[in-house]
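The structure appears below as structure tokens.
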Amino acid sequence: DSGVTQTPKHLITATGQRVTLRCSPRSGDLSVYWYQQSLDQGLQFLIQYYNGEERAKGNILERFSAQQFPDLHSELNLSSLELGDSALYFCASSRDLGGPGDTQYFGPGTRLTVL
Amino acid sequence: EDQVTQSPEALRLQEGESSSLNCSYTVSGLRGLFWYRQDPGKGPEFLFTLYSAGEEKEKERLKATLTKKESFLHITAPKPEDSATYLCAVRPHGGAQKLVFGQGTRLTINP
């Protein structure tokens, strides 16, 4: 158990809908990262937040957005869902901004199925 | 562009048969190379971080090594419970703290 929690574990929805995925980082961690894992793309970085502020963006679609709240939990919002958005979504957390020794620990993931 | 290539894609071994997994990388300055283990339907589990060429880390039957262009994960006398997908990732220089992952090596250890 990494100490990172994600809810829900599974999510099944229809095309065009909007969903929210939730992540609670390990105690004391200030950074939260979101990754998407699909069969053909592997693990792809989406976005990073540090202490409530957006710090880095990867290939995140405009239909996707995220935020980190004062209690440091984070939410990933996916809207106008398409079939191709079906994937595993992982949250990771780290103590700091990514200096030496700053390791990302991953949560158990949310499996999103878009029908 | 930062890139990580892992080989082989899949590897099947007998219990006790040692082998190595390869991770080749092209990165604009390396600020860490990471190995993770991922079981089906689960999140990646952290194994090792390597920072400079020549560095080695060990944990039970696993040993990770790093050169300027690649990393190896050596598995000595593996057991069936070592079966998993092993992921290699790099953290490049720059403002983003993202990890760039390879596609992974799916390892199966037969009893």
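We name chains A, B, ... by the order of the sequence lines, and we start the count at 1 in each one.
Atom CZ of residue B:F34 and atom CD of residue A:Q104 lie 7.0 Å apart, to the nearest 0.5 angstrom. Note that the NZ atom of B:K42 and the OG atom of A:S2 stand 11.5 Å from one another [nearest 0.5 Å].
Cluster membership check: B:L33 shares its hydrophobic cluster with B:Y86, using side-chain heavy-atom separations under 4.5 Å among Ile, Leu, Val, Met, Phe, Trp and Tyr. Two different hydrophobic clusters hold A:L46 and A:Y35 under the rule that ILVMFWY side chains link at heavy-atom gaps under 4.5 Å. In the hydrophobic cluster analysis, where Ile, Leu, Val, Met, Phe, Trp and Tyr join through side-chain heavy atoms closer than 4.5 angstrom, A:W34 is grouped together with A:L11. Tracing side-chain contacts under 4.5 Å through hydrophobic residues (I, L, V, M, F, W, Y), one reaches B:L11 starting from B:I75; they form part of the same cluster. Grouping the Ile, Leu, Val, Met, Phe, Trp and Tyr side chains by contacts below 4.5 angstrom, directly or via other members, places B:W35 with B:V90.
Applying the 6.0 Å contact sphere to CZ of B:R106 captures no more than 12 heavy atoms from other residues, nucleotides or ligands. Counting non-hydrogen atoms of other residues, nucleotides and ligands closer than 6.0 Å to CD of A:E53 gives a total of 12 or fewer. Heavy-atom contacts from other residues, nucleotides or ligands closer than 6.0 Å to CZ of B:R61 number more than 12. Environment of CG in A:N51: crowded, with over 12 heavy atoms of neighbouring residues, nucleotides or ligands closer than 6.0 Å. Within a 6.0 Å radius of CZ in A:R95, more than 12 heavy atoms belonging to other residues, nucleotides or ligands are found.
Close approach to chain B, defined as a heavy atom under 4.5 Å from one of its heavy atoms, is seen in A:F90 of residues 82-93 of chain A, taken by number.
When every heavy atom of B:Y51 is checked against every heavy atom of A:D102, the shortest pair comes out as OH-N, 4.2 Å.
Side-chain N/O atoms of A:Q37 and B:Q38 include a donor and acceptor closer than 3.5 Å.
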Decide side-chain contact (heavy atoms from CB on, under 4.5 Å) for B:F101 and A:F45; before the verdict, give the C-alpha distance in whole Å, the side-chain angles of both, and the deciding distance to 0.1 Å. CA-CA 9 Å; B:F101 280 86; A:F45 169 74; over 6 Å; no

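Looking only at heavy-atom pairs under 4.5 Å with chain A, the residue among B:G43, B:G41, B:P44, B:G32 that has the most is B:P44.
Using a distance-only test at 3.5 Å, with no hydrogens or angles considered, no donor-acceptor pair links the side chain of A:Y33 to the main chain of B:L99.
If you look at B:Y36 and A:F106, their ring centroids are closer than 6.0 Å.
Residue A:Y50 does not touch chain B at all, counting heavy-atom pairs closer than 4.5 Å.
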